[in-house]
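What's counted below: heavy atoms across the whole structure, side chains too, no hydrogens, waters or symmetry copies.
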There are 2 protein chains.
Amino acid sequence: MGATKTEHFSAKQNQLAVILKAIAHPARIAIIEHLLKVQACICVDIVNELPLAQPTVSQHLRELKNAGIIKGNIEGTAICYCLDEKVMAQLNQYFSKINIQLEKQKNACC
Amino acid sequence: MGATKTEHFSAKQNQLAVILKAIAHPARIAIIEHLLKVQACICVDIVNELPLAQPTVSQHLRELKNAGIIKGNIEGTAICYCLDEKVMAQLNQYFSKINIQLEKQKNACC
DNA sequence: TATAAAGATTGTAATATTGCAATATTATAA
DNA sequence: TTATAATATTGCAATATTACAATCTTTATA
């Protein structure tokens, strides 16, 4: 035991968990917010921006990339990372739907 | 090493990370979706709904509660859990803002 | 009061995450 | 071609998470 029992949950639930897990770290939230601010970005900028060592930042970037949250274009020795609009739109929709539901229900019990 | 360096990030970033981390597990997403569906709910319902043992479900519920995502009212021997509207609204706003930003920028680089 | 029912806690094993030093890779510049 | 600059990978120690059996707590009912 110890590992998440993904096989018992739906593909959608697992996929959402992967995306949210990738975002759910202060360093990765900081990376996302920085990418949003500067629009395009090379990795060394992010290393200078964050209080973490270069390999650690690189690792966080990889996790964001694996989850499909950011895309990277090679530009010489640098890499231009930016946010993936589709994934962010998907998250927006998910939480938007939940809120619409909750509005309808308005304190059904608690 | 090993622990997240929360002290180097902003309070907002850390708070968001805590909330997202609490949601970022398929079992907890399933719990949230179930609470949304049935509106009010006692724990044993959730145990029957999920492919996990009672202590595991209880632990997941506690994590959601600690993060402020669900609220619980004692009702006899049962407990009525439901979603906290404020936190869900906060998440909705966060991702909504990101999407508005991304719409404006429209492929600045990648 | 004894019993049962619903949940919470505790303890623990298995696994995952975080962070970084050292090192490797890759592309440009000299 | 050799250096340099930017980023990735590897390996590892510290810490966190996941899951559950066993046990405890609390409330309701017989």
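Considering A:D84, A:V87, A:L35 in turn, A:L35 is the only one that fulfils the side chain to side chain contact (heavy atoms under 4.5 Å, CB included) rule with A:I70. Paired with A:P26 under the rule side chain to side chain contact (heavy atoms under 4.5 Å, CB included), one option of B:T4, B:L16, B:V18 passes, and it is B:T4.
For B:P55, taking side-chain heavy atoms from C-beta onward, the closest of the listed nucleotides C:dA16, C:dA6, C:dT9 is C:dT9. Listed nucleotides D:dA21, C:dT18, D:dA28 differ in distance to B:T77; the shortest reach to its side chain belongs to D:dA28. Residue B:L52 has its side chain nearest to D:dA19 when only D:dT7, D:dA19, C:dA22 are considered.
In this structure, the side chains of B:I42 and B:D45 come closer than 4.5 Å at one or more pairs of heavy atoms.
Spacing between atom CD1 of B:I74 and atom P of D:dA28 amounts to 10 Å, rounded to whole angstrom units. Atoms CD1 (A:I31) and P (C:dG19) sit 10 Å apart, rounded to a whole Å. What separates CG of B:L50 from P of D:dA19 is a distance of 10 Å, to the nearest Å. Atom-to-atom, CD1 of B:I42 to C1' of D:dT26 comes out at 15 Å; the value is rounded to the nearest Å. Protein atom CG of A:N14 is 14 Å distant from nucleotide atom C1' of D:dT18, rounded to whole Å. Distance, B:I79 CD1 to D:dT26 P: 12 Å, rounded to whole Å. Between the CD atom of B:E7 and the C1' atom of C:dT18 there is a distance of 12 Å, rounded to whole Å. As a whole-Å value, the separation of B:E75 CD from C:dA6 C1' is 13 Å.
Taking only distance into account, the side chain of A:Q54 never meets the base of D:dA6 through a donor-acceptor pair shorter than 3.5 Å.
In terms of phosphate contacts, B:K21 brings a side-chain nitrogen or oxygen within less than 4.0 Å of OP1 or OP2 of D:dT17. Side-chain nitrogen and oxygen atoms of B:H25 include at least one within less than 4.0 Å of the OP1 or OP2 phosphate oxygen of D:dA19. Put simply, B:Y81 has no side-chain N or O that comes within less than 4.0 Å of OP1 or OP2 on C:dA6.
Taken from CG in B:N73 to CD1 in B:I79, the straight-line distance is 9.0 Å, to the nearest 0.5 Å.
Within residues 56-69 of chain A, the residues approaching DNA chain C are A:T56, A:Q59, A:H60, A:E63, by heavy-atom distance under 4.0 Å.
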Show me the donor-acceptor pairs, under 3.5 Å and distance only, between side chains in residues 50-64 of chain B and residues at least two apart or in other chains.
unit_1	atom_1	unit_2	atom_2	d
B:H60	ND1	B:R28	NH1	2.9
B:E63	OE1	B:R28	NH1	3.2

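Where A:T6 and A:D45 meet DNA chain D, the nucleotide closest to each residue was compared, and A:D45 sits on the side nearer the 5' end.
A distance-only check finds a donor-acceptor pair linking the side chain of A:Q13 to the backbone of A:S10 [under 3.5 Å].
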Is there a side chain to side chain contact (heavy atoms under 4.5 Å, CB included) between B:E7 and B:K5 once you walk through the steps?
-> CA-CA 6 Å; B:E7 68 277 16; B:K5 289 192 157 185; 4.3 Å; yes
